[in-house]
K.L.:
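Sending over a structure as structure tokens; questions will come in a sec.
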Number of protein chains: 2
Amino acid sequence: MALKPIKQEIKAAVDSAIFTVKDGKLMVLLIEMTKKPYEGFWALPGGLIEQKETTLEAAVRILEESTGVKNVYLEQLGTFDAIDRDPFARTISVAHIALVPEKDVALQIGEKYADVRWWSIEKLPELAYDHKHIAHVALDRLRAKLEYTNIVWSLLPKEFTLTNLQAVYEIILGTEIDKRNFRRKILALKLLEDTGRLQAGEANRPAKLYRFKQRKLQYIDII
Amino acid sequence: MALKPIKQEIKAAVDSAIFTVKDGKLMVLLIEMTKKPYEGFWALPGGLIEQKETTLEAAVRILEESTGVKNVYLEQLGTFDAIDRDPFARTISVAHIALVPEKDVALQIGEKYADVRWWSIEKLPELAYDHKHIAHVALDRLRAKLEYTNIVWSLLPKEFTLTNLQAVYEIILGTEIDKRNFRRKILALKLLEDTGRLQAGEANRPAKLYRFKQRKLQYIDII
DNA sequence: ACAAAAGTGTTGTTACTACACCCATGG
DNA sequence: CCATGGGTGTAGTAACAACACTTTTGT
């Protein structure tokens, strides 16, 4: 398509903002880097894409390498390509968002990293490349999408109480929600079904367990 | 970031879905290709990105080359990277959406194309590569964004009547809207201001001319 | 005077917010 | 019997949909 053939020396990478809710906080997974000039910095898990894989496949691969999880929610966030975003080479990064239920995760410290762990999005360490920017855009997208889709399912175990669900909304949005109004609204959406079972073992009245009717992305009809 | 250095042979391109409203229809700009195997096919304007430009800069450049317009609304749509999307080489395409007011455009048939023209999105010709898919995703995004942002400004001239504005909504959304409800709602958003002037020369009562207070993207508060 | 588009209000319905008490269980 | 979180209803307000006639201009 180009008028004159252009000799491109551009690399294509993926980076993933992997979120979970843990200890009452929204967390993002970061890896600690070993190479200069970013030794000691943290970064979103990522890597170059291989010749015969799509960016989504690369994101799936990298997600499994760092967390051991499969079959989680994953979507493309966007492509970040500031010319100097990577000091080593001109690299464009196709960023993704992944959402995982905390208990599914078994963190794996790859040989190329110093460390891998969850960080609260409220206090992130210094990040390599443009990853602070990517993380910020990812968080905005997550918050927005919570409002008009059913993505929360991807952060919750198969069965959960309405209080669990409300807590996830409150944590991500950073707001308090009235319990009665929340329940009326979420049930009116007909996304959930009652499992007929109760949560046992707590020192209080047992809560009903619900599940999502569909564990895949649905847009909520605002009209 | 990669464990072993990977020899990548991946090219990075941009493609743009350039929309306008013309003759009461939503149109997209296509170029007719000259090279095999896509000779005679139409495609979204695009090209490889250059070493020292960002994808957004490349999209701006290509937009100006094909339409002569500058300073129009342009946003990244997403990256399309199916492995076999381009039969010549592994190419990932960062697709963009551009919105232009029809009267600003002076189409320019570049030397590398057989033809350039507007096509109604209702009846597109056969498209090269995965451009049918990209065009479809672009249209979905445009429709969605019409609902929660003020992007319409980018399709209208500086001054316009409320009827003009309503027509653009109806054309893009493909629905009819009640005139009274539409006016009440759009004015309540406080995005418009009355210019104090009237449209003259029509064989009917002259309509007030309005303009957007801000000609840049704003999100509409749903709350 | 006629055609053509501009402009304008009301009513019924539905969704949203704010708010406080009783219930079932474990210890 | 007490502490803990689970569960429920109502009233006032705001937003929305549906609907028809009068006004101003050019010809």
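Just so you know, these numbers use all the heavy atoms, side chains as well, and skip hydrogens, waters and symmetry mates. So that the names make sense, note that chain A is the first sequence line, chain B the second, and so on, each numbered from 1.
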K.L.:
If you take atom types as modelled and just measure distance, does the side chain of A:Arg205 reach the base of C:dG26 with a donor-acceptor pair under 3.5 Å?
P.N.:
no
K.L.:
May I ask you to verify if any side-chain N or O of A:Thr163 is less than 4.0 angstrom from the OP1 or OP2 atom of D:dG6?
P.N.:
yes
K.L.:
Given C:dA18, C:dA24, D:dG7, identify the nucleotide with an atom nearest to the side chain of A:Lys179.
P.N.:
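The answer is D:dG7.
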K.L.:
Contact class for B:Lys208 (heavy atom, under 4.0 Å): base, sugar-phosphate, or nothing?
P.N.:
sugar-phosphate
K.L.:
For the pair A:Trp153 and A:Tyr73, name the ring-plane relationship: parallel under 30°, tilted 30 to 60°, perpendicular over 60°.
P.N.:
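Perpendicular.
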K.L.:
Find the distance A:Leu165:CG to D:dG7:C1' and express it as a whole number of Å.
P.N.:
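Checked: the CG to C1' distance equals 15 Å.
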K.L.:
Kindly point out which of C:dC16, C:dG7, C:dA18 is positioned nearest to the side chain of A:Asn181?
P.N.:
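Nearest to the side-chain atoms of A:Asn181, counting from C-beta on, is C:dA18.
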K.L.:
Over all heavy atoms of both residues, which pair between A:Val14 and A:Ser93 is shortest? Give the atoms and the distance, please.
P.N.:
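Scanning both residues, the minimum pair turns out to be C-OG, 4.1 Å.
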K.L.:
Given C:dA18, is OP1 or OP2 found less than 4.0 Å from the side-chain N or O atoms of A:Arg180?
P.N.:
no
K.L.:
B:Gln199 has an atom CD; how far is it from atom P of C:dA4, in whole Å?
P.N.:
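Rounded to whole Å, this separation is 17 Å.
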K.L.:
Which residue lies toward the 5' end of DNA chain D, B:Glu202 or A:Thr161, if each is placed at its nearest nucleotide?
P.N.:
A:Thr161
K.L.:
Minimum heavy-atom separation for B:Lys25 to B:Ile171, with atom names?
P.N.:
C-CG2, 3.7 Å
K.L.:
Kindly assign one of parallel, tilted or perpendicular to the pair B:Tyr129 and B:His131, based on the angle between their ring planes and the thresholds 30° and 60°.
P.N.:
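Tilted, since the angle between the ring planes falls between 30° and 60°.
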K.L.:
Among C:dC16, D:dG9, C:dA24, find the nucleotide with the atom closest to the side chain of A:Arg184.
P.N.:
D:dG9
K.L.:
Does this structure show an ion pair linking B:Glu147 with B:Arg143, if we count only N-O contacts that are shorter than 4.0 Å?
P.N.:
no
K.L.:
Considering only side-chain heavy atoms of B:Arg183, which listed nucleotide, C:dT8, C:dC16, D:dG7, is closest?
P.N.:
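Nucleotide nearest to B:Arg183's side chain: C:dT8.
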K.L.:
Taking N and O atoms by type only, does the side chain of A:Asn204 place a donor or acceptor under 3.5 Å from a partner on the base of D:dA3?
P.N.:
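Absent.
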K.L.:
Can you tell me the distance, in whole Å, between the CG atom of B:Leu187 and the C1' atom of C:dG9?
P.N.:
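Value for this atom pair: 15 Å.
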K.L.:
Can you measure A:Glu176 atom CD to C:dC19 atom P for me and round it to whole angstrom units?
P.N.:
13 Å
K.L.:
Return the value, rounded to whole Å, for the distance between atom CZ of A:Phe182 and atom C1' of C:dT17.
P.N.:
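From A:Phe182 CZ to C:dT17 C1': 16 Å.
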K.L.:
Starting at CD1 of B:Ile186 and ending at P of C:dG7, how long is that distance when rounded to a whole Å?
P.N.:
15 Å
K.L.:
What's the CG-P distance between B:Asp178 and C:dT10, to the nearest Å?
P.N.:
16 Å
K.L.:
What is the separation between atom CG on B:Leu162 and atom P on C:dA6, rounded to the nearest whole Å?
P.N.:
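Answer to the nearest Å: 9 Å.
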